[in-house]
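Take a look at the structure below.
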Amino acid sequence: KIPGNSRTRNLADNISDLKAQVAANQKGILLIHELMREYGVEVVQAYMNHIQKTAELSVRELMKTVSADSMARTGKSELVASDQLDDGSPICLRVGLDPVKGVLPLTSLVRVHR
């Protein structure tokens with residue numbers, strides 16, 4: 001632990017960021033309601049489902065490519081990274097990739113930093 005570290009870089013900036021995120025979400029809600037009034041709930045939901053399915057397929061294809069690249073470079077179908085938190089504590093990530101399905105299996109053990 002670093003003496004005097006409040007576990008945040010700048011509290012005022014973090015609060016401002018949260019307020020901006022809330023405002024953006026509120027604006028998004030208003031715009032979705034406007035679309036629903038103009039085109040109907042069924043049409044908007046149908047388009048949202050199409051967007052989600054397309055995004056899912058795109059991410060799966062990307063994960064297949066990343067998995068194949070990792071396998072070619074390291075002999076393993078996984079991604080590994082490490083960094084340090086503001087207080088100097090290490091943070092490490094190891095993500096196994098399913099090269100056939102293009103998904104990230106959620107089978108990892110997690111150690112919580114306190």
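Here the structure is a predicted model, which is why all the values come from computation and not from measurement. FYI, the numbering just counts along the sequence from 1.
- Nearest heavy-atom pair, M63 versus L97, reported as atom, atom and distance to 0.1 Å: SD-CD2, 4.0 Å.
- There is a path of hydrophobic side-chain contacts, each under 4.5 Å, that joins L62 to L79.
- Hydrophobic clustering (ILVMFWY, side-chain heavy atoms < 4.5 Å, transitive): V59 and L57 are in distinct clusters.
- Once rounded to the nearest 0.5 Å, the distance linking CD of E34 with OH of Y39 reads 10.0 Å.
- V100 and D98 make their closest contact through N-OD1, 2.9 Å (heavy atoms, listed as atom of the first residue, atom of the second, distance).
- Each of Q52, R60, K53 was scored for a side-chain hydrogen bond (donor to acceptor under 3.5 Å, both in side chains) with E56, with one residue passing: R60.
- With contacts defined as side-chain heavy-atom distances shorter than 4.5 Å, the pair E61/T65 does not qualify.
- Without hydrogens or angle criteria, S70 side chain to S77 main chain gives no donor-acceptor distance under 3.5 Å.
- Taking 4.5 Å as the limit, some side-chain heavy atom of L18 sits within range of a side-chain heavy atom of Q21.
- Transitive grouping of hydrophobic side chains (ILVMFWY, heavy atoms separated by less than 4.5 Å) keeps V22 and I29 in distinct clusters.
- The NE2 atom of H33 sits 15.0 Å away from the CD atom of E38 when rounded to the nearest 0.5 Å.
- Here CG of N49 is found 10.5 Å from OG1 of T54. Values are rounded to the nearest 0.5 Å.
- Taking all atoms of both residues into account, the shortest heavy-atom contact from I91 to Q84 is CG2-N, 4.2 Å.
- Under the 4.5 Å side-chain contact rule for hydrophobic residues, M36 and M48 share a cluster.
- Transitive grouping of hydrophobic side chains (ILVMFWY, heavy atoms separated by less than 4.5 Å) brings V66 and L93 into a common cluster.
- With rounding to the nearest 0.5 angstrom, the CD atom of Q45 is 10.5 Å from the CD1 atom of I32.
- Atom CG of N25 and atom NZ of K27 lie 13.0 Å apart (nearest 0.5 Å).
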